[in-house]
Amino acid sequence: MATRYNAREVEPKWQKAWDDAKVFEAKSPSEAGDMPKAYVLEMFPYPSGRLHMGHVRNYAMGDVVARFHKSKGYNVLHPMGWDAFGMPAENAAMEKGAQPGIWTHENIDAMKEQFAPLGLSFDWNREFATCDAEYYGHQQKIFLKFWENDLVFRKKSKVNWDPVDNTVLANEQVIDGKGWRSGAEVEQKELEQWTMKITKYADDLLSGLQNLDKWPEKVRTMQANWIGKSIGATFKWPYAGDVPAGGDENGIEVFTTRPDTLFGASFVALAPDHPITKELAKTNTKIAEFIVEAAKGGTTEEAIEKAPKLGVDLGFKVKHPFNPDWKIPVWSANFVLSTYGSGAVFGSPAGDQRDLDFARKYDLPVIPVVLPTNTDEASYSIENEAYTGNGTLINSEFLNGMDSNGAIKAAIAKLEELGLGTSSTTYRLRDWGISRQRYWGCPIPAIRCDNCGVVPVPEDQLPIELPEDPDFSEPGNPLDRHPTWKHTSCPKCGKDAVRETDTMDTFMDSSWYFARFCDTQTGEPVNKEAVGYWLPVDQYIGGVEHAILHLLYSRFFTRALHDCDLIDLPNGEPFAGLFTQGMVTHETYKSLKGQWLSPDDIDEKDGSYFEIATGEPVSVGSIEKMSKSKKNVVDPSVIIGDYGADVARWFVLSDSPPERDVEWTQSGAEGSWKFIQKLWSLAEAAPSDDDGEIKDGPAMDLLRTTHKTIDGVTRGITEFRFNTSVAQIHEFANALKKAENAKGPGIATARRFALKTLAQLISPFAPHIAEESWATLGGEGLVTLAPWPIADEKLMSSDTLTLPVQVNGKKRGEIQVDKSASKEDVEKIALADPKVSSFLADTQIKKIIVVPGRIVNIVI
RNA sequence: GCCGUCGUAGCUCAGUGGUAGAGCGCAUCCUUGGUAAGGCUGAGGUCGGGAGUUCAAUUCUCCCCGACGGCACCA
């Protein structure tokens, strides 16, 4: 008797079976023996309290990979935890009076409850939250190690300062120059920051990218751009007169990638906050005014792009390095960045658009020095467009006639000979300031003592725990104004001292959690042996928005941990394979009044949408990432409640390629529901017993289809194209449906084999119905633990082929030939085909092209 | 401006130097004891546009158009 598939009963049953059998617990290296290991990790979530569809997609993908490897006999580590520090908890504290710790743990509990019904193959034994004192205590130990090894230091640097909330803001928290929370105009402020020496590894982080062949090209390019290696020369421009106030004795240092254009120099420009500029401004109001003016420009990209070139003559000159008689004026210009290179450049207007714009504005000379290839020197001139390419050097004394590359080398050699400079490499990457004036983060284990300066907290005093009674009634850092927390004694001299009240950037927390997962019980920050076994993560999955920050910081951390001898990871790479999945999107809806409406608020009638509450028409907007603000969210828990986890999982894996966005639609969800039902009806209709050997006919066809499907689905998984696996399973299900009416020797055997294979193939995607089908079919044990089927290549194709026959490149007929037929035989059969021959009447055949196994083309 | 990805059926996407495909949707019909349904059949495509290479181009090359993403006063 046929029954309806009831996900609500079936899914919890199998989740319990997996739990009872402890199938998702990773084995220790010694238990694993010869098993290969697979560390599958999805970026751990921030515990916002609600699971969203993006999570479902991310974790469903990881689950496919993890379950597949499990079936392939790997020892799989697939852990889950919580990236639990950060601003939202403090915002909740300020808005609702919730204590961040309590609020966060409530959220974790709520999300864990939502995770459970999804049936994901996590090893929950290894769960932790980064806000656990145990975890961040270890992080403090790592911090001390880094400190010992000069990988962390204190540095004054410019930061975004929100004067209302009294805190540093990250760049991404500054929107149009204003604090995202307070709306206050953000100030640039010099602050002492704890800083990670990521630039120590700049070159290694760059060259390491080349070996990450299982990373998306896009991410590698983004990181390479971010690191921004430039090869060129650093050299000095000696002063033509006295050393200006604030200046280095020997001259002004500049960096350039184009020393070949040196003879085109017409000015030297310093950043508005270069020491010389700042010093001169003290006695010169014009310069002082310029600094203020230059600082005004907005921080948005648009503002930067539109900002006109501005400058001020600083009133002194330098000598050209190659000709001491040639005096060049020194300016300060708003387009020179103090944070890049030495904060000073020389302007060679003919070869740089910015320099040209500047020169035209302030009437400085423009000397063409690079002649593009195949250009006549006599008629060559620069108007308002600089030539930045390579060419032949002109107007450049000893460099004349050389090509750009040769001239670069010659110019550097000359600078070295003169003792003014040398070839050098500059990076765009800057050291990582990690101080945050926040409560809800990992306390920095340092103590400030009037006698001894800044002193590390002794390791045996760790963890420095956060106080549980922060006061959020006013802006600023609750740690700093806490009545007792910061007061302590100096570990060195014992006198009264204060703790560092800044906490660490939350990106610190996520920079090593994957190493902690390897052994969450160890009393050390990380267990070297376990890390040696599990790392690198074989497959890491997450959003592309972390392409630079999190992934670069983690690559830095593993290098630093290795150099501090905390782990052994010679090539320093934490993630061997990376996949960045697309978002889940949904249509947006607006009411007549222009308010966003949730999909739950609307109804469809005859193809148009109406607001349920008012009956008014609804305008359908663009398809966008699901977001609370636009209300275009579909709650995974509701979907799971209505349709079950397998349907939700199936949907997010079906339509789009994993790296692209997927649009959630009601009809698509219903389609997934129907398909799950179909899978169940197929299993139920299975013959109860085999009926002998599979021979020719429908049984053999089904067997071939089965093997083709095994191959296709497997490749879809290993190539991270789950949507193609899903499509093949659809086709396979159709073939099985057809086979229900088929007759012939061995058809029951073939169907039973096909159905059991189907259960195995769907198990990484829709594991619950896979188990239920498997059990119905009499499969042994859990399908989750059954070895992955292997496609028999011999059975993937048939003995005869259908070949198209073209006449002059157009298809005119089809012929059936034996796989082993010779070219001559194929020609004969093609020419004999009545359809084909009708096109050949009364003509001369010029040529017959036979491509074995593919096609026949008759040229007339 | 620079870099990258993409453009195939109404929608979401496979695919390939040689027969243009799947799922969903749509239409017709069948079933109404698998019923928040199921099944049969079908329509629907100058494979973004143009040029080139080739016996043959949706596929390779070049140019153009469009969409999306990243970077961007980085010397």
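Numbered from 1 within each chain, the chains take letters A, B, ... in sequence-line order.
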*Asks:* Report the nucleotide, chosen from B/C13, B/A22, B/G70, that has the shortest atom-to-atom distance to any side-chain atom of A/Glu731.
*Replies:*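 In terms of side-chain proximity for A/Glu731, the closest of B/C13, B/A22, B/G70 is B/A22.
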*Asks:* Using only side-chain N and O atoms of A/Arg660, determine if any of them is under 4.0 Å from OP1 or OP2 of B/U12.
*Replies:*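 For B/U12, neither OP1 nor OP2 has a side-chain N or O of A/Arg660 closer than 4.0 Å.
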*Asks:* Would you mind pulling out the nucleotide paired to B/G10, Watson-Crick or G-U wobble, both distances under 3.5 Å?
*Replies:*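 Pair assignment: B/G10 / B/C24.
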*Asks:* Return the nearest nucleotide to the side chain of A/Val345; candidates are B/U12, B/A75, B/G25.
*Replies:*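 Nearest listed nucleotide: B/A75.
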*Asks:* Taking only side-chain nitrogens and oxygens of A/Arg430, does any of them come within less than 4.0 Å of OP1 or OP2 of B/C74?
*Replies:*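 Negative; the distance criterion is not met.
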*Asks:* Between B/A27 and B/C40, how many Å separate the two C1' atoms, rounded to a whole number?
*Replies:*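 About 13 Å, rounded to a whole number of Å.
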*Asks:* Mind telling me if B/G48 is syn or anti? Syn here is a glycosidic angle within 90° of 0.
*Replies:*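 Anti conformation for B/G48.
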*Asks:* Can you tell me if A/Ser667 touches the phosphate of B/C24, counting only side-chain N or O atoms and a distance under 4.0 Å to OP1 or OP2?
*Replies:*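 For A/Ser667, the contact criterion (side-chain N or O under 4.0 Å from OP1 or OP2 of B/C24) is not met.
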*Asks:* B/A14, B/A75, B/G39: which one has an atom nearest the side-chain heavy atoms of A/Leu337?
*Replies:*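 Selected nucleotide (nearest to the side chain): B/A75.
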*Asks:* Within the structure shown, what part of the strands sits under 4.0 Å from A/Asn723 by heavy-atom distance: base, sugar-phosphate, or nothing?
*Replies:*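 Here A/Asn723 touches the backbone only, sparing every base.
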*Asks:* Looking at A/Tyr427, I'd like to know if the NZ or CZ of A/Lys229 sits under 6.0 Å from its six-membered ring centre while staying within 45 degrees of the ring's axis.
*Replies:*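 Negative - A/Lys229 is either too far from the ring of A/Tyr427 or too far off its axis.
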*Asks:* Within the structure shown, what part of the strands sits under 4.0 Å from A/Asp661 by heavy-atom distance: base, sugar-phosphate, or nothing?
*Replies:*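 A/Asp661: backbone/sugar contact only, no base atoms under 4.0 Å.
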*Asks:* When all nucleic acid strands are considered with a 4.0 Å heavy-atom cut-off, which category describes A/Asp355: base, sugar-phosphate, or nothing?
*Replies:*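 Touches nothing.
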*Asks:* NA contact type, A/Lys678, heavy-atom cut-off 4.0 Å: base, sugar-phosphate, or nothing?
*Replies:*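 The residue A/Lys678 makes sugar-phosphate contact but no base contact.
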*Asks:* Touch check for A/Trp226, heavy atoms < 4.0 angstrom, all strands: base, sugar-phosphate only, or nothing?
*Replies:*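 No contact.
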*Asks:* Can you tell me the Watson-Crick or wobble partner of B/C60, both distances under 3.5 angstrom?
*Replies:*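 By the stated definition (distances under 3.5 Å), B/G52 pairs with B/C60.
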*Asks:* Between B/C24 and B/A20, how many Å separate the two P atoms, rounded to a whole number?
*Replies:*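 That atom pair is separated by 24 Å.
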*Asks:* In the strands shown, is B/C73 matched to any nucleotide by a Watson-Crick or G-U wobble pair with both distances under 3.5 Å, and which?
*Replies:*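 None - no nucleotide pairs with B/C73, as no candidate has both distances under 3.5 Å.
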*Asks:* Do other residues, nucleotides or ligands put more than 12 heavy atoms under 6.0 Å from A/Lys738 NZ?
*Replies:*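 No, not enclosed.
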*Asks:* Check every atom of B/A14, B/A75, B/U12 against the side chain of A/Arg721 and return the nucleotide holding the closest atom.
*Replies:*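 The answer is B/A14, which lies nearest to the side chain.
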*Asks:* I'd like to know if the side chain of A/Glu253 reaches the main chain of A/Thr234, judged simply by a donor and an acceptor atom lying under 3.5 Å from each other, with no hydrogens or angles considered.
*Replies:*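 Not at all, since once roles are kept as given, no pair shorter than 3.5 Å links the two residues.
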*Asks:* Taking for each residue the nucleotide of RNA chain B bearing the nearest heavy atom, is the 5' side occupied by A/Arg428 or by A/Ala727?
*Replies:*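 Comparing both residues, the 5'-ward one is A/Ala727.
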*Asks:* With rounding to the closest Å, how many angstrom separate the P atoms on B/G7 and B/C30?
*Replies:*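 Those two atoms are separated by 42 Å.
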*Asks:* Do A/Asp273 and A/Ser338 have a side chain donor and acceptor closer than 3.5 Å?
*Replies:*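 Checked: A/Asp273/A/Ser338 side chains pair up, N/O donor to acceptor below 3.5 Å.
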